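Reading through the structure tokens given below for one structure.
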Amino acid sequence: AAATAADDAGLVVHHLERVADPHPEHVGAHAHPVALPRARGGLHVGPPQLEMPPAIHQILRQREVRLAGAYAREVGIHRVGQHRQPHPTATTTTSTATPPLARPPSRSTSQSYKSSSGPPPATYDQEGAGLDYTVLGAGALALAGIAYFFTQKKKAGGGGGGGNAMGGAMDGGVAGGEMSVAGGVNKFPGMPVFLEEGVPAAAAASSAPREISREFKRALRDMMGEMRRYSTVDLHGRNLGDEGAAFVSEALAFNDVATCIDFGANGIGPAGCTAICEALKSNKTLEMLSLASNNLGDAGAVVLAEYLKTDTKLTTLNLNSSGIGDAGAVALAEALKLNTTLTALELNSNNIDYEGTTALAEALAVNTALETFSISGNYVGGMGASALANGLKQNTSVKGLMLNGNDIGNAGIETLCKALSERECKLTNLDVGNNGIGYEAGRFIADYIKDDTALTHLNLYMNELCDLGAIDIAKALKDNGAIDTLDIGGNNILAAGGGGARP
């Protein structure tokens, strides 16, 4: 049992430096053993405290010889005695001993011990020979680190490209999509765009043309076929973009069938608008054009304005929700001063403020063709409404005015109603809903509609007229016989105000 325990623990009863010691009295049960590190645990034990029985001593001596032979083969000793003289105090069976050879000097500094107190170099017996677990562990950690590094680079680069492509992505960023590389070199579909250092991704994405796929080209050809077959073509929400708009504009240039085309909600910007306007210069039939809900902005409005100055075909233009501000409104106003064919212009839900409103009012004063002017959902305000009133007073063509949702208030509705009463060309449709008009303005509206015989549609929805304003308007309606559609809901009118109006 003791021998098995000693063997399992890997006990070595003496330091390997003493293996070649010619003095047998230094070896034995009373020597100071040092445990060698082993692959199965590296156990270190202290010197034995008890006298070992002869049988156990013999087992340990045999293990000592095996380890000495392994060490001798490592350092170059080819012959080591198989038997040593036991300690004089130990009782063992006698045998013929061969004098051990003296250990030769180490051939390299890496094989020699730095000190007798330091640990000897790792020597394994046959059970653990050939495996260096420290090296294996270090290699595994290195491989894991390399794998993690490349995984992170792949994630950062969007999973595309290697070599120079990865380096470009790390240096400048990536703009995704089926585009060509910034600089004009075409790449395969799906190749991201690698930006130059300091160039924003959004700017590069907008400047680089999108590559049109085969499927998209088929869809565009179908749209072009519709334009050649039908007089009214609905291309709303087809995700054309500037590239698609430029593609289908080829069919628009010499089209002699379509009279109304809706390009709304297609992500068309100034570049696409430019392509459409260039095509319209050769078109002879188109009368109604919608570019609503696109990204025209002021730049696109300027392009359209330049075209409208010389156009003689378009009668209806829808530019709702196109991001047009004061600069774009000013450009369109200049076009209205020269255009003689446009009869309906819609600028709803844009960003037109006082400056743009004033410019449009000045254009209305001289324009003689426009009949419907819609500017709802902007920032006209009371002062803008007063400017429009002055322009409309001189205008001789506008019959429909939509000012819904512009917060013109009591001051704005007062000047507007006075100007409309003085006009020679009367309105047939007036929308001033959702403008913060209070009960005080009820009498101004009543004075305007009392003697007007042309107005047929009046929208006062979502204001603050209350009962007092409603009573004033009701009295005027008794004398007016033209209005057939009145929307006065959302004005907090109770029984007193609602009972005064005729059915």
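Here the structure is a predicted model, which means the values were calculated and not measured. Values below: all heavy atoms of this structure, side chains included; hydrogens, waters and symmetry mates excluded.
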Got a sec: does the OH of Y379 have more than 12 other heavy atoms crowding it under 6.0 Å? no
Which heavy atom of N429 sits nearest to which heavy atom of M402, and what is that distance? ND2-CE, 3.2 Å
Which residue is it: T341, L338, T340, L280? I am looking for the one with a side-chain contact (heavy atoms from CB on, under 4.5 Å) to D311. T341
C425 side chain near K399 side chain, heavy-atom distance below 4.5 Å: yes
V380 backbone acceptor or donor facing N378 side chain under 3.5 Å: no
Check whether any side-chain heavy atom of D484 sits under 4.5 Å from a side-chain heavy atom of H457, and report yes or no. yes
To the nearest 0.5 Å, tell me how far M462 CE sits from I488 CD1. 13.0 Å
Could you go step by step and tell me if V257 and Y230 meet the side chain to side chain contact (heavy atoms under 4.5 Å, CB included) rule? CA-CA 6 Å; V257 176; Y230 306 112; 5.7 Å; no
Give a yes or no answer on whether the side chain of S322 reaches the backbone of A292 with a donor-acceptor pair at less than 3.5 Å. no
Is there side-chain contact between R214 and K217, with heavy atoms separated by less than 4.5 Å? no
Beyond-backbone contact of L403 with L401, side-chain heavy atoms, under 4.5 angstrom: yes
For T315 and E287, indicate whether the former's side chain and the latter's backbone hold a donor-acceptor pair under 3.5 Å. yes
Do the charged groups of K393 and E422 touch, with an N to O distance under 4.0 Å? yes
Just do the side chain to side chain donor-acceptor pair (under 3.5 Å) check on N404 and D431 with the steps written out, would you? CA-CA 6 Å; N404 192 301; D431 182 358; 3.2 Å; yes
Mind checking whether L420 and L416 have side chains closer than 4.5 Å, heavy atoms only? yes
Distance col, row I413:CD1 vs I445:CD1, nearest 0.5 angstrom, shows 5.0 Å
Backbone N/O of A253 and side chain of N283: donor-acceptor pair under 3.5 Å: no
Sequence neighbours left out, what passes side chain to side chain contact (heavy atoms under 4.5 Å, CB included) with S349? Give chain and number order. S321
Counting only heavy atoms not in M224, do more than 12 sit closer than 6.0 Å to its CE atom? yes
Using modelled atom types only, decide if a donor and an acceptor are shared between the side chain of D487 and the backbone of G489 within a distance under 3.5 Å. yes
Using the rule side-chain contact (heavy atoms from CB on, under 4.5 Å), only one of S376, S290, S374 pairs with E346; which is it? S374
Got a donor-acceptor contact below 3.5 angstrom from the N406 side chain to the I375 backbone? yes
Taking all heavy atoms of D452 and all of A482, pick out the closest pair and write down the distance. O-CB, 4.4 Å
Interatomic distance, CG@D447 vs CD@E414, rounded to 0.5 Å, equals 10.0 Å
How many angstroms lie between atom NZ of K337 and atom CG of L332, to the nearest 0.5 angstrom? 12.5 Å
CE (M288) with more than 12 external heavy atoms under 6.0 Å: no
Do the non-hydrogen side-chain atoms of N459 and V432 ever get within less than 4.5 Å of each other? no
Side chain to side chain donor-acceptor pair (under 3.5 Å) assessment of R228 paired with N255: CA-CA 6 Å; R228 296 187 182 100; N255 184 281; over 6 Å; no
Heavy-atom pair with the smallest gap, counting every atom of D256 and T285: CA-CG2, 3.6 Å
Minimum heavy-atom distance between C273 and G300, given as atom pair plus value: SG-O, 3.7 Å
Checking N491 side chain against E464 main chain: does a donor-acceptor pair fall under 3.5 Å? yes
CD of E334 to CD of E362: how many Å apart, nearest 0.5 Å? 8.5 Å
Where do N320 and S293 land on the side chain to side chain contact (heavy atoms under 4.5 Å, CB included) test, with the steps shown first? CA-CA 6 Å; N320 296 338; S293 302; 6.0 Å; no
Which atom of V398 lies closest to which atom of L427, heavy atoms considered: O-CD2, 3.5 Å
Under the criterion side chain to side chain contact (heavy atoms under 4.5 Å, CB included), I'd like the reasoning laid out for T372 against L345: C-alpha separation, chi angles, the key distance, then a yes or no. CA-CA 6 Å; T372 301; L345 176 61; over 6 Å; no
Report the C-alpha separation of L289 and L291 in whole Å, then their side-chain angles, then the decisive distance to 0.1 Å, and conclude whether the side chain to side chain contact (heavy atoms under 4.5 Å, CB included) test is met. CA-CA 7 Å; L289 175 65; L291 291 170; 4.2 Å; yes
Is the backbone N or O of V233 less than 3.5 Å from a side-chain atom of D262, with the two atoms forming a donor-acceptor pair by type? no
Do other residues, nucleotides or ligands put more than 12 heavy atoms under 6.0 Å from Y439 OH? no
For the pair D472 (side chain) and G442 (backbone), establish whether a donor and an acceptor sit closer than 3.5 Å, ignoring hydrogens and angles. no
Going by heavy atoms in the side chains, are L392 and F373 under 4.5 Å from each other? no
Around E424, counting heavy atoms of other residues, nucleotides and ligands shown, do more than 12 lie under 6.0 Å from its CD? no
Please determine if E226 and R238 form a salt bridge, counting it only when a charged side-chain N lies under 4.0 Å from a carboxylate O. yes
Could you grab the distance from atom SG of C417 to atom CZ of F444, nearest 0.5 Å is fine? 8.5 Å
All heavy atoms of A441 vs all of N410, minimum pair found to be CB-OD1, 3.5 Å
Is the closest side-chain heavy-atom distance between L360 and L347 below 4.5 Å? yes
Would you confirm whether D242, through its side chain, and I268, through its main-chain N or O, come within 3.5 Å as a donor-acceptor pair? no
